[in-house]
There are 2 protein chains.
Amino acid sequence: MTSLPTPVTLADVARSAGVSKMTVSNVINNKPGMSEETRLRVQRAIEATGYVSNAAARLLTGKRANMIGVLTPRLNWPFVTEILQSASTVAEAEGLNLAIFTTASNPTLERERAMLLRTLADGVLLVIPSADEHQVFGNVVPVVTLGAYGERTVKVDNFEGARLAVRHLIELGHTRIAHVHGQHNDLRDAAEREQGFVSALEEAGLDVLPGYLQDGEFSEEGGRRAAHALLTLPDAPTAIFAANDRSAIGVMEAAAQLGLRVPHDLSVVGFDDIHAAAYTDPPLTTVRQPLQQMGEKAARVLIDLMRGETGVEQHVLFPASLVVRQSTAVPRAHQEVRVSP
Amino acid sequence: MTSLPTPVTLADVARSAGVSKMTVSNVINNKPGMSEETRLRVQRAIEATGYVSNAAARLLTGKRANMIGVLTPRLNWPFVTEILQSASTVAEAEGLNLAIFTTASNPTLERERAMLLRTLADGVLLVIPSADEHQVFGNVVPVVTLGAYGERTVKVDNFEGARLAVRHLIELGHTRIAHVHGQHNDLRDAAEREQGFVSALEEAGLDVLPGYLQDGEFSEEGGRRAAHALLTLPDAPTAIFAANDRSAIGVMEAAAQLGLRVPHDLSVVGFDDIHAAAYTDPPLTTVRQPLQQMGEKAARVLIDLMRGETGVEQHVLFPASLVVRQSTAVPRAHQEVRVSP
DNA sequence: TTGTATGCGTTATCAA
DNA sequence: TTGATAACGCATACAA
């Protein structure tokens with residue numbers, strides 16, 4: 001084991017400089033009122049000893065940690081990383097540390113880490129938390145949620161976003177439209193997108209056909225499975241709206257495996273507009289969430305809260321927008337009708 | 001501002017339960033030797049008061065924080081997130097918290113955050129650190145680096161990986177092969193891949209033609225610029241090896257803009273095998289880094305170090321492998337020769 | 001089985 | 001302009 005050398009403390013520096021601990025502390029915190037001479041002597045002693053302040057001790061005296069804590073289920077979801085990257089840029093600009101912890105959507109871990117942040121962080125950002133995760137913080141620490149639950153939330157308009165996607169398909173002439181939804185358990189996003197799907201169909205006088213709702217679990221693998229089930233139906237859909245881009249990619253893979261061409265034989269729409277969506281084959285038509293703006297906004301709201309500002313927005317809803325690429329087209333039947341009227 | 005209610009401390013719980021602080025502490029830490037009755041009474045008091053232990057205070061007494069600190073330049077690089085996701089899975093399984101901080105490759109931030117981790121973390125994982133970042137930790141805290149610098153490193157064999165890519169192009173018949181490299185400043189990876197490129201050419205008796213080394217900055221935008229410069233050369237290359245997948249994607253975009261078809265008019269090879277590489281058009285031939293394994297291994301080595309195990313590996317080098325997809329083919333001249341021999 | 005005294009490294013307070 | 005003392009919340013060591 002690398003031997004841990006005795007950490008240098010304030011007392012060590014004080015002894016080395018021949019002053020008291022308080023003088024050293026005051027030099028470090030740029031307190032006014034001391035002779036240039038001692039200030040210099042202390043500074044030299046700090047350098048010489050290689051002193052580093054102990055965060056725990058400072059925290060204990062009630063000093064702020066300048067830290068925003070983040071709880072997120074995972075790290076390798078583009079949704080998460082895009083948002084956190086921009087949030088971290090804002091935090092850095094404000095001189096705040098952003099500390100990110102993963103919870104794996106595991107209630108025990110969530111609780112444990114939340115407890116830690118309660119004492120370590122000055123503010124907390126929750127990314128797609130489970131239903132009650134935010135309650136842990138009571139009002140000990142200001143909290144902003146990127147997702148559905150909580151008193152302060154920043155999210156995209158899932159309902160209207162889904163309607164945008166489905167209306168696009170309807171306008172192209174599709175009537176047999178299926179939905180690959182996300183997990184329902186405690187992710188309200190999945191439910192809201194599904195509701196938007198149903199609403200758009202109803203508005204156009206269309207029905208949700210039997211078996212036309214399949215769980216894609218927000219993943220490629222889930223999307224593949226769901227699409228396989230849909231496309232082998234006796235009355236298969238001509239268009240699929242997937243609840244996110246990852247499951248949409250799975251849908252496209254399944255279609256290819258079954259020998260269907262996108263968009264000729266099947267139109268596919270995703271949700272999120274992750275980076276990869278522009279590079280799929282064909283490029284994916286999708287509903288865009290302004291992830292970067294959402295991350296920035298969440299950080300800004302939280303920082304305002306931390307600074308004790310009043311009248312901070314409670315629920316920020318970002319509009320979704322449709323990005324039409326090449327995975328959607330007029331349904332096949334229509335194409336044939338046009339060729340031979 | 002949300003009013004901060006007085007935090008509940010051990011003393012509060014003790015008073016509420018009519019016992020001393022130590023009894024409460026002992027109950028919390030599952031110390032043996034106390035009547036079931038008091039244990040129960042204390043537990044009820046804990047629940048009633050909503051007590052949560054203060055991490056800073058515990059840290060100060062020399063207790064471990066059970067925390068692995070991570071310093072990474074950014075979050076939205078696939079390289080980073082894939083590695084950290086698997087590292088965090090390992091950490092969770094071992095009951096350790098993984099706290100991630102971004103440095104934006106900014107020396108000041110790096111230093112500041114490193115100082116924080118020195119007292120907060122039991123071990124540190126550095127992701128592609130700058131040359132001297134690891135020195136901050138001295139041997140106060142065990143450190144493992146994912147990248148080039150440091151006493152304990154986990155990385156991919158950049159040199160052989162690059163040779164793999166270039167040999168593949170040579171075997172296809174290319175002779176005019178260019179390299180879009182990464183930033184050289186303090187990222188040794190970029191230099192190693194470039195050296196591999198040169199080495200493979202030399203081995204085959206080929207030259208690095210004038211202007212055939214362009215900086216792609218490891219980004220799409222940089223890749224686009226570099227490719228534009230290369231492809232408008234009087235003696236343009238028939239194949240480009242890019243130092244990572246993101247710049248390779250930029251190369252393909254530039255090629256498309258110039259009306260060149262990949263791989264018919266230009267072969268492209270990347271490095272990393274990020275998720276998106278499988279979904280580009282055409283799917284990208286690339287050198288694969290086993291990111292998941294690397295993240296796991298780094299976490300494992302660090303945890304061994306933290307536990308004081310002896311004989312822990314110092315430098316782990318993972319072999320790279322070539323993933324041949326559809327962005328590489330026989331060069332055009334060869335194709336024509338074959339058609340009319 | 002339970003309680004008391006002490007110390008961790010820092011900062012606030014107040015006295016010198 | 002500087003320094004002594006107490007306090008933050010917890011855990012270790014030891015006493016009762």
Side-chain angles (χ1 to χ4, degrees), chain A residues 4-43 45-46 49-67 115-120 122 140, chain B residues 4-43 45-46 49-67 115-122 140-141:
Chain A
L4 301 186
T6 329
V8 182
T9 72
L10 262 193
D12 298 325
V13 180
R15 205 173 312 121
S16 152
V19 297
S20 78
K21 290 195 293 178
M22 272 327 294
T23 306
V24 180
S25 173
N26 287 334
V27 169
I28 287 166
N29 297 322
N30 286 317
K31 291 279 162 70
M34 62 177 42
S35 74
E36 264 318 299
E37 194 204 318
T38 35
R39 187 186 294 278
L40 253 152
R41 192 145 41 96
V42 169
Q43 254 152 8
I46 291 175
T49 53
Y51 168 78
V52 178
S53 92
N54 181 314
R58 200 186 18 226
L59 239 49
L60 193 55
T61 67
K63 271 283 174 198
R64 327 205 96 237
N66 282 335
M67 188 151 118
M115 306 274 86
L116 186 66
L117 287 185
R118 248 178 77 137
T119 58
L120 242 45
D122 305 313
V140 176
Chain B
L4 301 188
T6 328
V8 182
T9 72
L10 261 193
D12 298 324
V13 180
R15 205 174 312 121
S16 154
V19 296
S20 79
K21 289 197 294 178
M22 273 328 297
T23 306
V24 181
S25 175
N26 287 334
V27 169
I28 288 165
N29 298 323
N30 287 316
K31 291 280 161 70
M34 64 176 43
S35 72
E36 264 317 299
E37 195 203 318
T38 35
R39 186 186 294 279
L40 252 152
R41 192 145 43 96
V42 169
Q43 255 153 7
I46 291 175
T49 53
Y51 169 77
V52 178
S53 93
N54 180 316
R58 207 196 3 239
L59 238 50
L60 196 54
T61 66
K63 271 283 173 200
R64 326 203 98 238
N66 282 335
M67 189 151 117
M115 306 274 87
L116 187 67
L117 287 184
R118 247 178 77 136
T119 58
L120 244 44
D122 305 313
V140 178
V141 170

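All chains are named by letter (A, B, ...) in the order of the sequence lines, taking the proteins before the strands, and each is independently numbered beginning at 1.
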Using a 4.0 Å heavy-atom cut-off, write out nucleotides 3-16 of chain C from 5' to 3' as B (base contacted by protein), S (sugar-phosphate only) or - (no contact). BB--BBBBBB----

Kindly compute the distance separating CG (B:L60) from CZ (B:R58), expressed to the nearest 0.5 Å. 12.0 Å

Relative orientation of the end axes in the helix from C:dT1-D:dA16 to C:dA16-D:dT1, expressed as an angle to the nearest 10° (five pairs per end): 40°

For A:S16, what residues pass the side chain to side chain donor-acceptor pair (under 3.5 Å) criterion, not counting sequence neighbours? none

Salt bridge (charged side-chain N to carboxylate O under 4.0 Å, His left out) involving B:E36 - partner list, sequence neighbours excluded: B:R39

For the CG atom of A:D122 and the CG atom of A:L120, what is their distance to the nearest 0.5 Å? 9.0 Å

From CG (A:L59) to CG (B:N54), nearest 0.5 Å: 7.5 Å

Quickly, which of B:V42, B:I28, B:V24 forms a side-chain contact (heavy atoms from CB on, under 4.5 Å) with B:Y51? Name it, please. B:I28

Sort and list the pairs that fulfil side-chain hydrogen bond (donor to acceptor under 3.5 Å, both in side chains) and have at least one residue in residues 21-34 of chain B, not counting sequence neighbours. B:S20-B:T23

Chain A on DNA chain D: first and last contacting nucleotide, 5' to 3', under 4.0 Å to a heavy atom? D:dT1 to D:dG9

Let me confirm one number: the CD-OG1 distance from A:Q43 to A:T38, rounded to the nearest 0.5 Å. 10.0 Å

Would you check if the side chain of B:T119 reaches a backbone N or O of A:A55 as a donor-acceptor pair within less than 3.5 Å? yes

Can you name the closest pair of heavy atoms from B:R118 and B:V141 and give their distance? O-CG2, 3.6 Å

